[in-house]
Novice: 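Structure below; questions to follow.
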Amino acid sequence: MKSEELFKKKFYQWLPEDRRNFFEQEGIELNEIDSKTLERLNRLSENVIGQVRLPLGVIPNLIVNKRKYIVPMAVEEPSVVAAANHASKIFNQNGGVEAVSIRNGIYGQIVLEVTNDFDINSFTRQFPELINQANQKFASLVKHGGGVCKIEASQKDNLVFLRILVDPAEAMGANKTNAILEFLGNKLEKQANIEQNLYAILSNYPTQLTTAKVNLNVDSVGGFKVAEKLVLLSKIGRNDIYRAVTNNKGIMNGVDSVLIATGNDYRGVEAATAVWANKSGNYTSLSKWKIEEDKLIGELTVPLAIGVVGGSISAREDIKQSFNLLGQVSAKQLAEIIAATGLANNFSALLAISTKGIQAGHMKLQARNLVATLNANEEEKEEVLKKLQQSKKYTQEAALEFLSEIRKDKK
Ligand code: MEV
């Protein structure tokens with residue numbers, strides 16, 4: 001398109017090729033992308049000019065509630081997938097993970113400004129009828145097993161806070177919940193004694209709580225001493241915020257990787273998880289490890305407002321691939337798999353810290369990233385990788401030094 005015509009339009013209305021041309025003319029180098037992919041991605045998001053890709057790794061076998069799953073993990077950090085895999089082997093030897101997800105719904109909020117003569121008691125009497133009306137209007141959600149479950153209200157001065165619990169069925173449910181809230185908010189605003197509907201939007205407050213639990217023979221984790229150290233580390237994480245946040249980061253390594261691989265909203269889960277970890281007023285670790293007789297018992301609870309349909313899940317081929325790996329799963333089962341993966345990552349991190357430290361395994365894997373940046377052929381890269389791992393020197397300088405040694409030897 002000619003530039004005068006183009007500049008009459010808003011940037012988001014431009015074709016993605018026009019956006020790319022514009023940046024390239026500005027001297028910004030962009031990655032190649034085929035036009036079909038670009039067009040497809042442009043329909044998924046806004047102001048699209050390209051894509052960022054992540055490797056998809058797997059846990060080839062994680063037993064959750066006695067069923068074997070292939071778990072997809074989208075993450076660029078090799079140690080995250082390696083850690084989950086290491087734990088899965090130990091978990092599976094001990095019968096796998098037991099998990100329960102309570103799919104109780106997600107909250108929405110409507111805040112109304114009311115007049116001085118507003119009476120909250122008579123107002124709340126209409127809630128059963130409001131629930132009926134919403135469920136009639138959003139009949140397709142009800143047909144899929146969901147719908148509005150509950151409305152509660154509280155008043156502070158001239159503001160009335162409505163808390164609406166919506167069961168999103170198999171979806172994460174953000175769009176549907178927001179549509180229901182706006183429908184209800186607009187209805188309520190017309191009533192006498194209500195000045196205005198201030199806002200109507202879902203709340204990411206923790207719900208859909210999912211608990212994963214393992215019961216491990218202490219011998220399978222390296223013996224009693226190791227188990228005791230792991231428990232002590234876990235205890236520290238319950239009281240020390242510096243350790244708690246890192247412990248939880250390890251958990252989110254697993255949780256986010258599966259969320260991303262399955263097209264779920266990891267931002268919402270991250271926000272809810274931070275509140276959940278702080279629910280007592282003291283930020284604490286999400287997991288808990290203890291010893292009972294000869295068993296090391298680990299437990300993790302995370303709020304997982306996730307889905308297996310809706311949003312961009314069905315529109316993305318890469319996400320379909322993840323669901324092909326998982327097999328037929330319900331939202332409840334997927335939440336249980338995600339919590340189990342979080343617990344797996346947490347276990348491996350605690351195990352590494354309480355034994356050989358985290359860096360040994362981590363850097364061994366990071367060596368691949370170092371090698372990938374070398375200006376060398378595949379054979380040379382392979383040799384440099386071996387030398388880095390043998391020498392346990394994991395720096396860019398060492399990689400360059402090994403490369404020049406290899407080249408000298410070959411002359
Ligand atoms: C690194 O990505 C995650 C860990 O720091 C988690 C932890 O310390 O528990 C290893």
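When a ligand or atom number is given, it counts from 1 through the structure's own listing order.
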Novice: Note the single closest protein heavy atom to atom 1 (C) of ligand 1, along with its residue, its atom name and the distance in Å.
Specialist: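 Here the nearest protein heavy atom works out to Asn253 ND2, 3.8 Å.
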Novice: Is the closest side-chain heavy-atom distance between Leu112 and Phe123 below 4.5 Å?
Specialist: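 The answer is yes; the side chains approach within 4.5 Å.
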Novice: Could you grab the distance from atom CZ of Phe118 to atom CD of Glu195, nearest 0.5 Å is fine?
Specialist: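 If I round to the nearest 0.5 Å, the distance is 11.5 Å.
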Novice: Considering heavy atoms of the protein only, find what lies nearest to atom 9 (O) of ligand 1 and give residue, atom and distance to 0.1 Å.
Specialist: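 Of every protein heavy atom, Arg243 NH2, 2.7 Å lies nearest to atom 9 (O) of ligand 1.
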Novice: Under a 3.5 Å distance rule, please check whether Thr210 uses its side chain to pair with a backbone N or O of Gln208 as donor and acceptor.
Specialist: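 Between the backbone of Gln208 and the side chain of Thr210 there is a qualifying donor-acceptor contact (under 3.5 Å).
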Novice: Taking 4.0 angstrom as the limit and counting only heavy atoms of Ala349, give me the atoms of ligand 1 inside it, by number and element.
Specialist: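 Taking each heavy atom of Ala349 in turn, ligand 1 has 6 (C), 7 (C), 9 (O), 10 (C) under 4.0 Å.
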Novice: So which protein heavy atom does atom 5 (O) of ligand 1 come closest to, and at what separation?
Specialist: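 Here the closest protein heavy atom is Thr246 CG2, 3.6 Å.
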Novice: Any side-chain donor paired with an acceptor under 3.5 Å for Thr262 and Asn264?
Specialist: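 Yes.
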Novice: Please confirm whether the backbone N or O of Asn94 pairs with a side-chain atom of Asn215, one donor and one acceptor, at under 3.5 Å?
Specialist: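 Answer holds: no.
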Novice: Among Asn42, Leu41, Val48, exactly one meets side-chain contact (heavy atoms from CB on, under 4.5 Å) together with Leu44. Which residue is that?
Specialist: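 Going through Asn42, Leu41, Val48 one by one, the side-chain contact (heavy atoms from CB on, under 4.5 Å) with Leu44 is satisfied by Leu41 alone.
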Novice: Counting each atom of ligand 1 from 1 as listed, which ones have a heavy atom of Glu77 under 4.0 Å away?
Specialist: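 Reading through ligand 1 atom by atom, the close ones are 2 (O).
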Novice: In the protein, what heavy atom is nearest to atom 10 (C) of ligand 1, and what distance, to one decimal place, separates them?
Specialist: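 Atom 10 (C) of ligand 1 sits closest to the protein heavy atom Ile358 CD1, 3.6 Å.
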Novice: Taking heavy atoms and a distance under 4.0 Å, where does Val80 meet ligand 1: side chain, backbone, both or neither?
Specialist: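 Neither part.
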Novice: Numbering the atoms of ligand 1 from 1, which are under 4.0 Å from a heavy atom of Asn247?
Specialist: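 The atoms of ligand 1 under 4.0 Å from a heavy atom of Asn247 are 9 (O).
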